[in-house]
> 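After the structure tokens below, expect a handful of questions from me.
Being a predicted model, the structure only gives us computed values, none of them experimental.
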2 protein chains.
Amino acid sequence: MSRASYPGIKAEVLRRIRDGEWKPGAAIPAETDLATEFGCARATMNRALRELAEAGILDRRRKAGTRVSRFPVRKATLEIPLTRLEIEGQGLTYAHRVLKCRQIAAPPGITQRMNPDGTARLLHLFCLHLADRLPYAFEDRWINLDAAPGILDADLTTISANEWLVQNVPISDGDIAFMAEPAGRDTAAAFGIAEGTALFVVERHTRISRLPVTLVRLSYAPGYRMVTSI
Amino acid sequence: MSRASYPGIKAEVLRRIRDGEWKPGAAIPAETDLATEFGCARATMNRALRELAEAGILDRRRKAGTRVSRFPVRKATLEIPLTRLEIEGQGLTYAHRVLKCRQIAAPPGITQRMNPDGTARLLHLFCLHLADRLPYAFEDRWINLDAAPGILDADLTTISANEWLVQNVPISDGDIAFMAEPAGRDTAAAFGIAEGTALFVVERHTRISRLPVTLVRLSYAPGYRMVTSI
DNA sequence: AAGTGGTCTAGACCACGTT
DNA sequence: ACGTGGTCTAGACCACTTC
């Protein structure tokens with residue numbers, strides 16, 4: 001049974017749904033009533049129900065009340081750590097090599113996303129992340145030098161570009177996409193595999209209040225799985 | 001400047017970090033002090049700081065206080081909808097075909113994860129999800145009939161197994177993994193592509209309080225991208 | 001031992017959306 | 001118009017962890 005604590009209340013609400021007492025699509029009592037029933041303050045009940053709503057278990061709307069979701073949207077929270085920390089977290093030794101680092105004109109697809117007004121100077125990097133000396137991920141990165149002044153002074157062979165950016169350009173927002181792609185010439189060479197091998201690719205585009213900061217493609221070595229719980 | 005509302009406070013805290021007033025690794029004032037400074041109740045400040053901590057921006061520990069994260073762990077929240085809703089959400093017409101549906105003995109790798117005590121009866125399904133009549137995702141699913149009694153009575157050509165499970169076995173937990181894999185014989189045939197083509201694969205294992213319910217592998221058509229914002 | 005965040009309470013006002 | 005959830009307040013007690 002539930003105590004008057006919000007985790008206990010969440011557990012009891014989940015039990016009622018699981019046991020069919022509250023069915024998908026059905027309305028449940030208002031939070032004032034539930035607070036009375038559970039003998040807790042409305043704020044406590046609110047926190048429990050709000051978190052269940054954020055998790056996609058409940059649908060809440062003012063006036064309409066609270067319902068059990070008909071189609072609970074599973075939400076998987078992926079933690080995207082620095083590649084270095086991801087590797088060290090597995091007990092492996094991290095290292096990285098900068099394969100290419102140049103200030104060059106960007107191809108049209110990149111320009112469109114990184115340099116919308118055409119004035120920015122861009123830095124292009126190829127970098128290989130190693131775990132216990134074995135290739136772990138291949139990084140293809142564009143950096144907007146206007147958004148990250150000072151990175152030209154950094155020793156990117158010592159600190160990875162990702163890590164420098166995290167420390168020096170904090171709190172950016174952006175998009176992230178996950179996909180499967182065949183290995184291209186550069187990645188195949190880096191991993192020592194055949195071109196066309198299926199690779200897991202993460203593409204991140206980060207901005208700092210609309211200003212593009214960096215566009216990065218991380219291609220992981222064959223066999224990589226990104227895992228989380230739901 | 002911030003009003004005494006928690007979103008406003010969050011925005012102001014983020015601004016102070018972005019503008020370097022509060023640096024990564026540094027402690028920020030205690031929430032009682034900040035509440036005084038912002039002229040709000042401690043509970044309001046608590047909610048703002050707590051949400052920023054959940055987002056990985058701040059590190060909070062009793063007695064030790066609140067610090068700006070040195071390595072903010074980016075958290076990407078992926079919403080995993082029903083395949084039908086994902087397709088209909090793009091304005092396309094959903095359909096699905098059951099390619100195979102049999103109660104058969106499972107191979108060892110499956111048995112280990114779905115049938116640990118060796119007593120369960122398992123149902124095996126191959127299913128193709130279509131968007132505007134084009135193959136969208138290939139589903140390879142095992143279902144524990146002990147956890148989902150009644151699914152044998154369902155018409156899985158009308159309602160997909162996924163949808164039936166969501167409606168009838170609510171509130172399960174589990175693991176999810178994302179990977180890239182070469183197309184096998186079945187998926188290559190289903191999508192009309194060459195074997196070995198890089199496919200984006202999602203593997204979900206769901207349980208209901210330790211009891212395995214279903215193990216599903218969804219292989220998406222070439223070009224699929226799973227996108228979210230961070 | 002003491003300071004910090006974690007939580008709960010009882011009450012209040014308000015925004016929103018259904019009616 | 002009115003019922004519901006969304007939020008804020010002022011205060012309190014407690015748990016954890018560092019000192």
> To the nearest 0.5 Å, tell me how far Met114(A) CE sits from Leu215(A) CG.
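It comes to 6.0 Å.
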> How many whole angstroms separate atom CD1 of Ile28(B) from atom C1' of dT4(C)?
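About 12 Å, once rounded to whole Å.
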> Within this structure, what is the CD-to-P distance between Glu31(B) and dG3(C), rounded to whole angstrom?
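It is 16 Å, rounded to the nearest whole Å.
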> Round to the nearest Å and state the distance from Arg50(B) atom CZ to dT7(C) atom P.
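So the two atoms are 7 Å apart, to the nearest Å.
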> Which of residues 51-58 of chain B have a heavy atom under 4.0 Å from DNA chain D?
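Hits under 4.0 Å, by residue number: none.
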> Phosphate oxygens OP1/OP2 of dC8(D): is one of them under 4.0 Å from a side-chain N or O of Tyr6(B)?
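Checking dC8(D) against Tyr6(B), no side-chain N or O comes under 4.0 Å of OP1 or OP2.
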> If you count the non-hydrogen atoms of other residues, nucleotides and ligands that lie under 6.0 Å from CZ in Arg61(A), is the total more than 12?
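Result for CZ/Arg61(A): open.
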> Does a side-chain N or O of Arg61(A) approach OP1 or OP2 of dT18(C) to a distance below 4.0 Å, or not?
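Yes, Arg61(A) has a side-chain N/O under 4.0 Å of OP1/OP2 on dT18(C).
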> With sequence neighbours excluded, what pairs up with Arg62(A) under the salt bridge (Lys or Arg N to Asp or Glu O under 4.0 Å) test?
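With sequence neighbours excluded, Arg62(A) shows a salt bridge (Lys or Arg N to Asp or Glu O under 4.0 Å) to no residue whatsoever.
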> Would you indicate, yes or no, if dG6(D) has its OP1 or OP2 atom less than 4.0 angstrom from a side-chain nitrogen or oxygen of Asn46(A)?
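Yes.
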> Between P on dC8(D) and NZ on Lys10(B), what's the gap in Å once rounded to a whole number?
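In whole Å, dC8(D) P lies 11 Å from Lys10(B) NZ.
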> Is the shortest side-chain N/O distance from Arg47(A) to OP1 or OP2 of dT7(C) below 4.0 Å?
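For Arg47(A), the contact criterion (side-chain N or O under 4.0 Å from OP1 or OP2 of dT7(C)) is met.
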> If you only use heavy atoms from C-beta on, which nucleotide in dG5(C), dG6(D), dT7(D) is closest to the side chain of Arg60(A)?
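Of dG5(C), dG6(D), dT7(D), dG6(D) is nearest to the side chain of Arg60(A).
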> Could you state the CZ-P distance from Arg67(B) to dT4(C), rounded to the nearest angstrom?
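From Arg67(B) CZ to dT4(C) P: 12 Å.
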> Tabulate atom names and distances for all N/O pairs under 3.5 angstrom spanning the protein and nucleotides 10-12 of chain D.
residue	atom	partner	partner atom	Å
dA12(D)	N6	Arg42(B)	NH1	3.0

> Using the side-chain contact (heavy atoms from CB on, under 4.5 Å) criterion, which residues pair with Thr36(A)? Sequence neighbours excluded.
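Thr36(A) satisfies side-chain contact (heavy atoms from CB on, under 4.5 Å) with no residue once adjacent residues are dropped.
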> Is the closest side-chain heavy-atom distance between Leu58(B) and Ile17(B) below 4.5 Å?
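SC-SC contact between Leu58(B) and Ile17(B) confirmed.
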> Let's see if you can work this out: which of dG5(D), dT4(C), dC8(C) has an atom nearest to the side-chain heavy atoms of Ala30(B)?
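Nearest to the side-chain atoms of Ala30(B), counting from C-beta on, is dT4(C).
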> Flag the pair Thr214(A) / Val169(A) as yes when at least one side-chain heavy-atom distance between them is below 4.5 Å, and no otherwise.
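A side-chain contact is absent here, since even the closest heavy-atom pair is not under 4.5 Å.
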> Below 30° counts as parallel, above 60° as perpendicular, anything between as tilted: where do the rings of Tyr220(A) and Phe200(A) land?
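Because their plane-to-plane angle lies in the 30° to 60° range, the rings of Tyr220(A) and Phe200(A) count as tilted.
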> Using the ring-ring contact (aromatic ring centres under 6.0 Å, His included) rule, collect all pairs that involve residues 43-96 of chain B, keeping only residues at least two apart or in two chains.
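Sorted pair list: Tyr94(B)-His96(B), Tyr94(B)-His129(B).
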> Of Arg204(B), Glu203(B), His205(B), which is the lone residue that meets side-chain contact (heavy atoms from CB on, under 4.5 Å) with Ile176(B)?
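By the side-chain contact (heavy atoms from CB on, under 4.5 Å) criterion, Ile176(B) pairs with just one of Arg204(B), Glu203(B), His205(B): Arg204(B).
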> Looking only at side-chain N and O atoms, does Thr66(A) come under 4.0 Å of OP1 or OP2 in dG5(D)?
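True: Thr66(A) side-chain N/O within range (under 4.0 Å) of dG5(D) OP1/OP2.
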> Nearest whole angstrom, please: distance from the C1' of dT4(D) to the CG of Leu49(A).
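Answer to the nearest Å: 12 Å.
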> To the nearest 0.5 Å, what is the distance between CZ on Arg67(B) and CH2 on Trp22(B)?
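With rounding to 0.5 Å, CZ (Arg67(B)) is 13.5 Å from CH2 (Trp22(B)).
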> Output the distance between atom CG (Asp59(B)) and atom OG (Ser69(B)), rounded to the nearest 0.5 Å.
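Rounded to the nearest 0.5 Å, the CG-OG separation comes to 3.5 Å.
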> Hey, what are the protein-to-nucleotides 1-3 of chain D N/O distances that come in under 3.5 Å?
residue	atom	partner	partner atom	Å
dG3(D)	O4'	Lys63(A)	NZ	3.3

> Taking only side-chain nitrogens and oxygens of Thr44(A), does any of them come within less than 4.0 Å of OP1 or OP2 of dT9(C)?
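Indeed, a polar side-chain atom of Thr44(A) lies that close.
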> If the test is side-chain contact (heavy atoms from CB on, under 4.5 Å), which one of Val201(A), Leu199(A), Leu128(A) qualifies with Phe138(A)?
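Of all the options given, the one that passes is Leu128(A).
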